[in-house]
Amino acid sequence: MVNSKVSYTHGFKEELSYLFPFNEKRNVFDTEIAAYLLNPSRKSYSLSSLFPLYLGEGLSFEKEEELLPKILSLGRILKKKIEEENLDKILYEVELPLSHVLSETEIVGIKVDRKKLIEIRNELRKRVIEIVKEISDISGFSINPASPKQVSYLLFEKLGLPRIKKTKSGYSTDQETLFKLRELHPVVDKILEFREINKLLTTYFEVLPKLVDENDRIHTKFIQTGTATGRLASREPNLQNIPIRSEIGKKVRESFIAEDGFVLGSFDYSQIELRILAHFSKDERLIKAFREGKDIHRETASGIFGVPPDKVTKSLRRKAKTINYGIIYGMSPHGLAKELGISDTEAKRYIDRYFERFSGVRKFIDELIEKAKKNGYVETILGRKRYVPELNSKNHNTRKLGERIAINSPIQGSGADIIKIAMVNVWRKLRGKKSRIVLQIHDELLVEIKEEEADEVKEIVKREMENTLSLDVPVIVDAGIGKNWLECKT
DNA sequence: CCTGACTCGC
DNA sequence: ATGCGAGTCAGGA
């Protein structure tokens, strides 16, 4: 970058979408991504918000001829700041190349089985109408079950069911609450069923068929400056929250398919965040378990509950899994208690035991929070920063939130760093082939693979993903192949 | 038009 | 009151 002319852009990915085919353009400096790396917590990275921030003046819309000079000044200022904060490597080697990958991924899109979506949509429309009728028949009241207010009115005022949880405006009717009420009145199950079906119907089955292009492909937009941790976000539609758990949800996933002559390959990092925790904390037991290829939740259960690994029951393993992920999210004993349905003191015992057995993790977390308080920010494995002003709050809850942010962001953000590098490397390796990355879902890449290239591409993607960065523990990628996304499940 | 409640994913 | 998101709807402005 030193000796060559730099082109300044604002919204490089969008600019690239006009430049098909995708020759990698270098010597670019993007003001939007630069501002994001300098502070990923901002609400907006629009020029009109960056000009006053970095140039000390507003964007005058009457004087369009001043726009380009202003972008140039902004670019030069940001470039200096990026270098001062040692963010140049992540900008030039990760985010800007990634803009190419994302631009192409958006344009390529992903194919759906439009007919199947429409068929299921029509079934679910009928079912939703039936359920509304059933709710009325069972309870004697006609309500709109999509209205929490009306559901609350029915359950608590008309049927007199116990009020379990409050919201700002009244009594909660969320899933957790309804599960507790289902034995008390048959209408509760109907409301739960309505909620599940209506959610999937309105969010996916009604929407996706409207978004297909002439080849039945759907094109999401990846937001590269949308999260405080460095993750991507996806919108219009969000393809990072396609259902997988419920039976009807699986049908959505089943509707994402490969083009004729292609298969879909799903490649997902196995427990990447826990491996990053092991790497950062250097905790001996955690590192040993991963190096020996152990089932980490089983090992954790064994440590916490004091039973040999082969005597760990499913229930104990599930508890340990919740604790493992709870640690990453900075969960309190109270939160863990609620999640596991145990007492606060019991939950505290579990957490104390965890930190006894994994003392490296305790030390790491303490030092992380100390460092965050001292520096004002936390960093990922690549030096991506996130400021944590919450740690200086006078409000206890806000400070606690700051601690959770300080714990979670380096872990979640490092996961984002790793998969972003992998995407760039995979994309470069796939040049000249027919196979293409079609989605990224935080720790998973979905690749549409030309059948003839299957063996080779599977090998490339797995290898590139597993070898982005060298951690103190192995990085493992699980791969699955299928004609639709659900089939790829490993 | 925005906010709250809710639910989908990692 | 466990981290990070997006989308839907109802209901009120």
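Just so you know, these numbers come straight off a predicted model, no measurement behind them. So you know, we letter chains A, B, ... as the sequences are listed, proteins then strands, and number each from 1. Just so it is clear, the values below take in all heavy atoms, side chains as well, and ignore hydrogens, waters and symmetry mates.
Counting non-hydrogen atoms under 4.0 angstrom, A:I411 reaches nothing in the nucleic acid. Residue-level contact check: A:I405 touches the backbone only, with heavy atoms under 4.0 Å from sugar-phosphate atoms and none from bases. Looking at heavy-atom distances under 4.0 Å, A:A228 makes contact with sugar-phosphate atoms alone, never a base. Heavy atoms of A:I244 sit under 4.0 angstrom from primed sugar atoms or phosphate atoms, though from no base atom. The residue A:L336 sits apart from the nucleic acid: no heavy atom pair falls under 4.0 Å. A:S409 comes within contact range of no nucleotide atom at all, as no heavy-atom separation falls under 4.0 Å.
If you take CZ of A:R195 and C1' of B:dA5, they are 8 Å apart, rounded to a whole angstrom. Spacing between atom CD1 of A:I242 and atom P of B:dT7 amounts to 18 Å, rounded to whole angstrom units. Between A:I191 atom CD1 and B:dT7 atom P the separation is 11 Å, expressed in whole Å. When the C1' atom of B:dC6 is taken as reference, atom CG of A:L201 falls 16 Å away, rounded to whole Å. A:R399 has its CZ atom 11 Å from the P atom of C:dA1, to the nearest Å. Across the protein-nucleic acid pair, A:Q412 atom CD and C:dG5 atom C1' stand 8 Å apart, rounded to whole Å. Atom-to-atom, CG of A:L401 to P of C:dA1 comes out at 8 Å; the value is rounded to the nearest Å. The distance from atom CD1 of A:I351 to atom C1' of C:dA1 is 13 Å, rounded to the nearest whole Å.
Side-chain N/O atoms of A:S332 include one lying less than 4.0 angstrom from OP1 or OP2 on C:dT2.
Looking at A:K321, A:K314, A:R317 one by one, the single match for salt bridge (Lys or Arg N to Asp or Glu O under 4.0 Å) with A:D295 turns out to be A:R317. Just one of A:T173, A:T177, A:D174 meets the side-chain hydrogen bond (donor to acceptor under 3.5 Å, both in side chains) condition when paired with A:K165; it is A:D174.
Looking at residues two or more places apart in sequence or on another chain, you find a side chain to side chain donor-acceptor pair (under 3.5 Å) between A:E236 and A:K221. With sequence neighbours excluded, no residue forms a salt bridge (charged side-chain N to carboxylate O under 4.0 Å, His left out) with A:E32. Remark: A:F194 engages no residue in a ring-ring contact (aromatic ring centres under 6.0 Å, His included) (not counting sequence neighbours).
The listed nucleotides are B:dC10, B:dT7, C:dG3; the one nearest the side chain of A:R245 is B:dC10. Taking the side chain of A:R253 as heavy atoms from C-beta on, and the options C:dC4, C:dT2, B:dC10, the nearest nucleotide is B:dC10. Listed nucleotides: C:dG3, B:dC8, C:dA6. Nearest to the side chain of A:A233: C:dA6.
Of the residues in residues 437-444 of chain A, those lying under 4.0 Å from DNA chain B by heavy-atom distance are A:I441, A:H442, A:D443.
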One character per nucleotide, please: for nucleotides 7-13 of chain C, 5' to 3', B when the base has a protein heavy atom closer than 4.0 Å, S when only the sugar-phosphate does, - otherwise. BSSSSS-
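Looking only at atom types and distance, the side chain of A:W427 has a donor-acceptor partner in the side chain of A:E104 under 3.5 Å away. One side chain, A:S409 or A:R386, offers a donor N or O that lies under 3.5 Å from an acceptor on the other. At a cut-off of 3.5 Å, with distance as the only test, no side-chain donor of A:Q440 or A:T105 sits close to an acceptor on the other residue.
Judged by distance alone, with hydrogens and angles left aside, A:R231 brings a side-chain donor or acceptor within reach of the base of B:dC10, the pair sitting under 3.5 Å.
A centroid separation of 6.0 Å or more is found between the aromatic rings of A:F364 and A:H279.
Ranked by how close their nearest DNA chain C nucleotide is to the 5' end, A:H334 and A:T227 are led by A:H334.
For residues 140-154 of chain A, no residue pair satisfies the salt bridge (Lys or Arg N to Asp or Glu O under 4.0 Å) rule, not counting sequence neighbours.
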